[in-house]
There are 2 protein chains.
Amino acid sequence: MSKLQTVRRLPVEQDRSPVAPEWLNTIIKGDCVSRMAALPEKSVDAIFADPPYNLQLGGDLHRPDQSKVDAVDDAWDQFESFAAYDAFTRAWLLAARRLLKPNGTIWVIGSYHNIFRVGAIMQDLGFWILNDVVWRKTNPMPNFRGRRFQNAHETMIWASKSADAKAYTFNYDAMKAANDDTQMRSDWLFPICSGGERLKDGEGQKVHPTQKPEALLARVVMSSTRPGDTILDPFFGTGTTGAVAKRLGRNFVGIERQDDYIEAATDRILSVEPLDADVLRISAGKRAEPRVPFATLVEAGLVAPGAELTDAKGRWQASVRADGTIAFGGEAASIHRIGAKVQGLEACNGWTFWHVRENGRLRVIDELRQIVRDQMAAAPA
Amino acid sequence: MSKLQTVRRLPVEQDRSPVAPEWLNTIIKGDCVSRMAALPEKSVDAIFADPPYNLQLGGDLHRPDQSKVDAVDDAWDQFESFAAYDAFTRAWLLAARRLLKPNGTIWVIGSYHNIFRVGAIMQDLGFWILNDVVWRKTNPMPNFRGRRFQNAHETMIWASKSADAKAYTFNYDAMKAANDDTQMRSDWLFPICSGGERLKDGEGQKVHPTQKPEALLARVVMSSTRPGDTILDPFFGTGTTGAVAKRLGRNFVGIERQDDYIEAATDRILSVEPLDADVLRISAGKRAEPRVPFATLVEAGLVAPGAELTDAKGRWQASVRADGTIAFGGEAASIHRIGAKVQGLEACNGWTFWHVRENGRLRVIDELRQIVRDQMAAAPA
DNA sequence: TAACGGCCTGAATCATCAC
DNA sequence: AGTGATGATTCAGGCCGTT
């Protein structure tokens with residue numbers, strides 16, 4: 001194996017043992033299936049994989065201001081058919097499973113385009129799903145044409161090597177402590193990767209179209225690996241997994257085909273400063289007051305469809321509709337829009353403007369929203 | 001078809017038309033695959049399905065020789081189980097797809113145990129996934145062993161019948177208005193079904209193990225169906241879909257095998273009060289407004305031939321011609337084409353781009369269009 | 001300096017009607 | 001059925017220049 005030509009060795013500190021394999025903390029260039037086949041079986045503690053999503057995009061998409069959306073149209077995301085994608089998925093998952101230690105676990109991230117196929121194949125190959133974890137994006141791209149719900153999340157599958165592998169690593173207490181002392185849930189909230197974290201080339205163009213945020217990887221690594229563990233990423237890209245692993249005192253192995261990605265990943269990982277062991281702690285995402293749509297009050301039964309809303313002085317009435325809009329004078333819109341309309345203003349905070357009548361007394365609907373928020377306290381945003 | 005023995009007809013008001021099919025607003029007793037096969041093709045507008053996912057649950061998951069699938073403790077049985085589940089899933093999805101109108105959509109809810117297999121099979125059968133929607137539970141069951149993340153969500157797949165079915169129902173504006181005027185995301189937050197909504201038997205035991213909350217179904221129904229639509233639920237259970245459909249002015253068809261569930265669902269649906277039609281009207285945006293050619297504004301005298309149009313910043317001027325086109329630089333075309341031309345763009349909405357000057361102030365011509373529409377509404381053709 | 005406003009961008013399976 | 005014209009549609013956040 002002519003590793004010298006194809007392996008990028010990175011000077012990281014995690015493992016200086018004389019028996020450390022030569023591929024540890026390196027980026028191996030090449031096709032992930034054949035490269036994984038060349039590594040020894042049962043040699044990694046964890047795998048994080050961000051495979052192509054097979055997006056199957058059609059024509060161009062423009063924003064309402066006519067600017068063109070920079071689509072993921074790279075060759076590596078093109079497959080001829082579902083069957084071709086399935087064959088590819090089966091091949092890399094099989095090779096990955098061979099490398100996993102008996103009590104290791106694997107994470108795979110995807111979207112609705114591919115994640116169902118990935119999950120079914122994982123089950124077929126004997127992986128045992130422990131959780132599916134939803135990455136909720138604070139700032140997803142809108143649905144510009146208004147034809148679907150805003151696609152605001154991606155899905156990760158976390159699985160052990162087999163159903164009888166019970167001794168996998170899960171840092172339950174660390175996760176609980178990081179989540180205000182309540183169990184870490186299967187839905188995580190993080191911003192997408194942007195700003196200074198996003199790798200750009202000399203012309204200011206993003207180096208990789210789908211770079212993942214380090215915060216997401218950090219929670220993956222902190223939850224299911226231990227310091228000194230080895231984490232394999234067969235679709236290394238620009239090396240988020242490697243950067244986070246090094247920072248958090250874990251070893252990594254990356255496999256990547258494209259030279260430009262390898263170059264960027266190398267520079268990136270070289271500049272990472274590993275944290276002290278006692279600092280290895282996950283920061284909780286910032287948590288604002290959860291947004292509560294008015295429709296939720298209707299759905300929760302706090303306001304009945306058909307009920308009358310009125311302003312504090314009883315000058316205007318609007319009626320609540322089942323979809324969470326309110327109707328006034330033949331027009332229906334949100335509590336804010338109708339509130340603005342009746343007053344002849346540009347804008348209005350419907351939450352503090354509208355009231356319901358309860359036992360003859362007016363109650364501002366903002367109080368009802370607080371009731372919902374209290375109920376939601378068990379499920380923090 | 002001996003329907004009298006197997007169909008529970010419910011007196012609901014949604015459709016009293018003499019041509020309404022006999023199965024409308026009924027619960028059909030029996031196996032969903034064969035029962036769906038007995039209904040006419042392309043007859044329902046939407047489907048909501050909450051299929052079983054526990055491989056031990058129900059008789060559908062026996063091997064072909066009728067032997068019961070054993071506990072899942074080795075790889076071979078595991079494969080057998082998945083294969084049986086896949087065959088069952090394929091069968092009911094195929095039957096369901098036959099019943100769906102060309103522009104109908106289907107919702108399927110599941111957990112990580114089954115949703116990946118369901119999603120992959122849906123894609124294989126030609127369904128086109130529009131969104132995967134995450135139901136985040138405010139109050140999920142804790143993970144008692146502390147060996148995994150708290151399983152705090154379930155996944156719904158929303159799909160059209162095929163990739164080229166573009167005219168499916170999606171009440172974008174209603175969803176947006178119901179969500180404080182920002183578009184509805186793919187992650188929804190609802191409590192699980194409990195309290196008074198949860199159906200209990202005489203001994204206080206829950207009637208159905210996985211009764212879904214009505215609020216969840218309400219958002220499903222409000223987002224992707226219209227009043228008067230017909231919604232099929234092939235795994236009717238205790239009839240949440242039927243109860244919500246009736247309350248929201250939609251028709252339903254339920255298929256269910258177990259008598260006790262049918263009994264509970266019947267009583268439940270009979271006690272539902274439908275909402276008034278005017279409460280159920282759907283907030284529609286500009287898409288639903290009648291088209292008004294620009295020429296109509298000229299004909300109506302709202303814009304004079306020869307008048308100057310300008311953009312909001314006064315960078316470009318075009319002159320109105322009597323035929324409803326506008327002229328710029330020796331070229332005459334529609335407000336949209338000229339608007340695109342001057343900006344060097346592919347497309348442009350001329351209605352929001354161009355303005356007229358009135359008393360020294362600019363007024364967007366979209367407002368003039370609204371005047372025409374109001375006049376049309378006052379004096380309908 | 002701080003505040004504000006304009007501009008840019010992100011894994012996207014993103015029309016419909018008349019002729 | 002195919003073609004061409006119409007015209008509907010965006011949220012959060014980072015960055016940068018101006019006030």
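Order of the sequence lines sets the chain letters (A, B, ...), proteins ahead of strands, with each chain counted from 1. All of these numbers come straight from a predicted model, not from anything done at the bench.
- Stacking of A:Arg117 on the aromatic ring of A:Tyr85 is not recorded, the 6.0 Å distance cut-off and the 45° axial limit not both being met.
- Straight-line distance between the C1' atoms of D:dC15 and C:dA11: roughly 23 Å, to the nearest whole Å.
- Comparing B:Ala347 and B:Asp181 against DNA chain D, the residue whose closest nucleotide sits nearer the 5' end is B:Ala347.
- The CG atom of A:Leu57 sits 13 Å away from the C1' atom of C:dG10 (whole-angstrom rounding).
- If you check every strand for non-hydrogen atoms under 4.0 Å, A:Gly237 touches nothing.
- In this structure, B:Thr352 reaches neither bases nor backbone, as no heavy-atom distance under 4.0 Å exists between it and the strands shown.
- Listed pair A:Arg147 / C:dT16 meets the phosphate criterion, a side-chain N or O lying under 4.0 Å from OP1 or OP2.
- D:dG14 atom C1' lies 10 Å from atom CG of A:Asn139, rounded to whole Å.
- Looking at heavy-atom distances under 4.0 Å, B:Ile129 makes contact with a base.
- Listed pair A:Ser194 / D:dG13 fails the phosphate criterion, with no side-chain N or O lying under 4.0 Å from OP1 or OP2.
- Side chain of A:Pro64, nearest nucleotide from D:dT10, C:dA12, C:dG10: D:dT10.
- D:dT6 and C:dA12: their P atoms are spaced 31 Å apart (whole Å).
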Q: Mind running salt bridge (charged side-chain N to carboxylate O under 4.0 Å, His left out) on A:Asp65 and A:Arg63 for me, showing each step along the way?
A: CA-CA 5 Å; A:Asp65 64 5; A:Arg63 298 183 180 81; 5.5 Å; no
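- The backbone N or O of A:Asn143 sits less than 3.5 Å from a side-chain atom of B:Gln183, completing a donor-acceptor pair.
- Side-chain atoms of A:Arg198 lie closest to C:dG10 of the nucleotides C:dA15, C:dG10, D:dT9.
- Minimum atom distance to the side chain of A:Pro142 is reached by D:dT10, of the listed C:dA11, D:dT9, D:dT10.
- A ring-centre distance under 6.0 Å is found for B:Trp188 and A:Phe149.
- A:Lys206 has a side-chain polar atom (N or O) that falls below the 4.0 Å cut-off from OP1 or OP2 of C:dG10.
- Side-chain polar atoms of A:Ser111 and A:His113 form a donor-acceptor pair below 3.5 angstrom.
- For A:Glu154, counting side-chain heavy atoms from C-beta on, the closest listed nucleotide (C:dA11, D:dT6, D:dT9) is C:dA11.
- For the OP1/OP2 pair of D:dA8 and a distance below 4.0 Å, the side-chain nitrogens and oxygens of B:Arg369 include at least one atom meeting the criterion.
- Counting atom types as modelled, A:Arg148 pairs a side-chain N or O with a base atom of C:dT13 as donor and acceptor under 3.5 Å.
- With B:Trp351 as the aromatic partner, B:Arg369 meets the cation-pi criteria of under 6.0 angstrom to the ring centre and within 45 degrees of the ring axis.
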(Q) One pair to check against side chain to side chain donor-acceptor pair (under 3.5 Å): B:Arg321 and B:Thr325. What are the steps and the verdict? (A) CA-CA 6 Å; B:Arg321 310 201 313 170; B:Thr325 60; 3.0 Å; yes
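- When heavy atoms are screened at a 4.0 angstrom cut-off, A:Pro140 is found touching base atoms of the nucleic acid.
- Between D:dA12 and A:Arg136, no contact under 4.0 Å exists linking OP1 or OP2 to a side-chain N or O.
- Between A:Trp76 and A:Tyr261, the distance from one ring center to the other does not fall under 6.0 angstrom.
- If you check every strand for non-hydrogen atoms under 4.0 Å, A:Thr210 touches a base.
- A distance cut-off of 5.5 Å between ring centres, combined with a plane angle under 30°, places B:Trp128 in a stacking arrangement with the base of C:dT13.
- In this structure, B:Gly350 reaches neither bases nor backbone, as no heavy-atom distance under 4.0 Å exists between it and the strands shown.
- Scanning all heavy atoms of the two residues, the minimum distance from A:Arg185 to A:Asp187 falls at NE-OD1, 2.8 Å.
- Judged by a 6.0 Å distance limit and a 45° cone about the ring axis, A:Arg147 is positioned over the six-membered ring of B:Tyr168.
- Nucleic acid contact for A:Gln205: none, since no nucleic acid atom lies under 4.0 Å from a heavy atom of the residue.
- Using a 4.0 Å heavy-atom distance criterion, A:Asp50 is classed as a base contact.
- At a cut-off of 3.5 angstrom, the base of C:dA11 holds no donor-acceptor pair with the side chain of A:Lys137.
- Of the residues near DNA chain C, A:Gln211 and B:Arg291, the one whose nearest nucleotide (by heavy atom distance) lies more toward the 5' end is A:Gln211.
- Of the side-chain N and O atoms in B:Lys176, one or more sit less than 4.0 angstrom from OP1 or OP2 of D:dT10.
- A:Gly195 comes within 4.0 angstrom of the backbone, heavy atoms only, and of no base.
- Look at the P atom in both C:dT1 and D:dG17: the space between them is 16 Å, to the nearest Å.
- Distances shown here put every side-chain N or O of A:Asn143 at or beyond 4.0 Å from the OP1 or OP2 atom of C:dA12.
- Among the duplex regions that DNA chain C forms, those built from at least three successive Watson-Crick or G-U pairs under 3.5 Å are C:2-10 with D:11-19, C:15-19 with D:2-6, ordered by first number.
- Closest to the side chain of B:Asp173, from the set D:dC11, D:dT9, C:dA11, is D:dT9.
- Checked against D:dC11, C:dA11, C:dA12, the side chain of A:Ala71 finds its nearest nucleotide in C:dA12.
- Within the 4.0 Å cut-off from OP1 or OP2 of C:dT13, not a single side-chain nitrogen or oxygen of A:Tyr85 is found.
- Atom P of nucleotide D:dG7 and atom CD of B:Gln370 are separated by 14 Å, given to the nearest angstrom.
- Aromatic pair B:Phe170/B:Trp158: centroids less than 6.0 angstrom apart.
- A:Pro51 comes within 4.0 angstrom of a base, heavy atoms only.
- Atom pair A:Asp60:CG and C:dT13:C1' shows a separation of 14 Å (rounding to whole Å applied).
- Atom CD1 in B:Ile365 sits roughly 11 Å away from atom C1' in D:dG7 (whole-Å rounding).
- Anti is the conformation of D:dT10, whose glycosidic angle sits further than 90° from 0.
- Picking from D:dT9, C:dA12, D:dA12 the nucleotide with the shortest atom distance to the side chain of B:Lys286 gives D:dT9.
- For the pair B:Asp164 CG and C:dT16 P, the interatomic distance rounds to 12 Å; values are reported in whole Å.
- Under 4.0 angstrom from either OP1 or OP2 of D:dT10 there lies no side-chain N or O belonging to A:Arg63.
- Distance from the side chain of A:Asn151 is smallest for C:dT13 among the nucleotides C:dA11, C:dT13, D:dA8.
- A close approach under 4.0 Å does not occur between any side-chain nitrogen or oxygen of B:His336 and OP1 or OP2 of D:dT6.
- Separating the NZ atom of A:Lys68 from the C1' atom of C:dG10 is a distance of 15 Å, rounded to the nearest angstrom.
- A residue-by-residue look at A:Phe82 and B:Lys313 shows that B:Lys313 has its nearest nucleotide of DNA chain C further toward the 5' end.
- C:dA15 atom C1' lies 7 Å from atom CZ of B:Arg287, rounded to whole Å.
- Residue B:Cys348 is classed as a base contact, given a heavy-atom separation below 4.0 Å to a base.
- Between A:Asn131 and A:Ser186, the side chains place no donor N or O within less than 3.5 Å of an acceptor N or O (distance only, hydrogens not considered).
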